[in-house]
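One structure is given here, and the rest of the page talks about it.
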Number of protein chains: 2
Amino acid sequence: MTDSTPADPTEQEGRGARRRDAAVTRQAILDAAVAAFTRHGYDGVGVRDIARNAGVTAMLINRYFGSKERLFAEAVDVAFAPRTVISGTGADLPRATARALVTRTAPDAEELGPFLLLLRSAANPSAAAIMREAIARHAGRHLTEELSDGVSAELMLAVQAGVWLMRSVLGTTALAEGEPEELAGRIESLFQVLVTPDGPGSR
Amino acid sequence: MTDSTPADPTEQEGRGARRRDAAVTRQAILDAAVAAFTRHGYDGVGVRDIARNAGVTAMLINRYFGSKERLFAEAVDVAFAPRTVISGTGADLPRATARALVTRTAPDAEELGPFLLLLRSAANPSAAAIMREAIARHAGRHLTEELSDGVSAELMLAVQAGVWLMRSVLGTTALAEGEPEELAGRIESLFQVLVTPDGPGSR
DNA sequence: CGAAAAAGTCTACGACTGTAGACATGGGAG
DNA sequence: CTCCCATGTCTACAGTCGTAGACTTTTTCG
């Protein structure tokens, strides 16, 4: 659980404590929380780990966020809010999104992404409820208005989550070590089926 | 963590301890472990919970299985071994598998299934490694020889896992409350794309 | 400068975890 | 019937968890 990044000494002091600033500290905690929850899941990190990586004490988390669960809720919001879960628009959407998915799940990708957070915290029912709401609020709405159909939108999320699971979490051989180009093409075909209202159903 | 089923009094005694039998007791522990791990994930259950549901003491688990991790490994093997992760053969495979998936992820389905175990234990790296091996040993091999292509096989698993996540774990609105018939058809279309070697790539 | 308020730390508690070792008990073999 | 080993339980330990309350340190403002 020791995550290397110790305290972010980018402020100015070479060593010792940083200047006291509630907003900055709060943000540091939130950043550390997103990273930690994404890497180890809700139950996998303790507030002490997050606090250490933010350069503060565990109790400060409770002062600023009330509880670990409320911190998680904010972290989920951060993880799902800025980044889009789809790439491209219109006809280019399947291709762009498939490419982005393969790239972001590459073994050497350092950006972790919201799906990792989703998968690793899915076991905890409270965490699952929080994430469901966040998905409905951000990604789901965005996807639905682009795809005009809720089922298609959530199936697209499902495919992405599944690929992320196999490739990044489990590391199954075929998907993790396969040729990125081929894989992207296969996934693009899947997305293609989803964006077309309901074309050639069988074969 | 109190899972209702207290001790399985199906033996014969109305109350009190069951007849001492190593094989039966071991199996009772294993059954309880599969159920508990599937419901709450590797980190979500303690050995005391499993032991209580099996009607024994926590220490007996260590006597029979060595450790919680080794018990988990056996439980994963049980969960993935008997049931097939695909239904039907040949041309009927997409349709049958899609129908089975929708049925098994219905809100009132009481059989939990290996994907739930997979999703809820994915956060723990050791557990993930154990499950990856089990998948390669059972489902992956079976799927590959039916589909003749490793990438297709694992993409099929990915789609199933993703749908399971959205429907059963998160309970997102569109997939959880949608019409089963429509959903099955949409998923069938996805599988259809996977089983055809590589036909119409775009559109 | 001095005091109020904000920002952060320390100590501690009760509950829970996996598991090691010593102990009790039942059941089949002689 | 009696012995003995397999079967199962009890107690305990060293950790970790989230968080409550009292405390100290820094910043800001009059």
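Any value given below was found using the heavy atoms of this structure, including those in side chains, with hydrogens, waters and symmetry copies removed. Here is the naming used below: chain letters follow the sequence lines, and residue numbers restart at 1 for every chain.
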Rounded interatomic separation in angstrom, taking NZ from B:Lys68 and P from C:dT17: 8 Å

Nearest-angstrom distance from the residue atom CG of A:Leu71 to P of D:dT19: 10 Å

B:Asn62 side chain, from C-beta outward: closest of C:dT19, D:dG21, C:dT17: C:dT19

Distance, rounded to the nearest Å, where A:Asp43 contributes CG and D:dG18 contributes P: 9 Å

Pair A:Glu154 + B:Arg167: basic N to acidic O under 4.0 Å: no

Value in whole Å for how far the C1' atom of C:dA7 lies from CD1 of A:Ile61: 15 Å

B:Thr25 vs D:dT7: side-chain N/O to OP1/OP2 distance below 4.0 Å: no

A:His40 NE2 to D:dT16 P, straight-line distance once rounded to whole Å: 15 Å

Backbone of A:Pro94 reached by a side-chain donor or acceptor of A:Thr97 within 3.5 Å: no

Interatomic distance where OH belongs to B:Tyr64 and C1' belongs to C:dG18 [whole Å]: 19 Å

Side chain of B:Met59 (C-beta onward), nearest among D:dG18, C:dA7, D:dT9: D:dT9

Side-chain donor or acceptor of A:Thr105 paired with backbone N/O of A:Val102 under 3.5 Å: yes

Spacing of B:Glu69 atom CD relative to C:dT17 atom P, expressed in whole Å: 18 Å

Ionic contact status for B:Asp149 with A:Arg186, cut-off 4.0 Å: yes

Mutual orientation of the aromatic rings belonging to B:Tyr42 and B:Phe37 [parallel < 30°, tilted 30-60°, perpendicular > 60°]: parallel

Along DNA chain D (nearest heavy atom to each residue), the more 5'-positioned of A:Arg20 and A:Arg48: A:Arg48

Selected nucleotide, minimal atom distance to A:Val47 side chain, candidates C:dG27, C:dT19, D:dG18: D:dG18

d(CZ, A:Phe65; P, D:dG18) in whole Å: 15 Å

Side-chain donor/acceptor contact of B:Arg63 with base of D:dG8 under 3.5 Å: yes

Side chain of B:Leu60 (C-beta onward), nearest among D:dG8, C:dT17, C:dG27: D:dG8

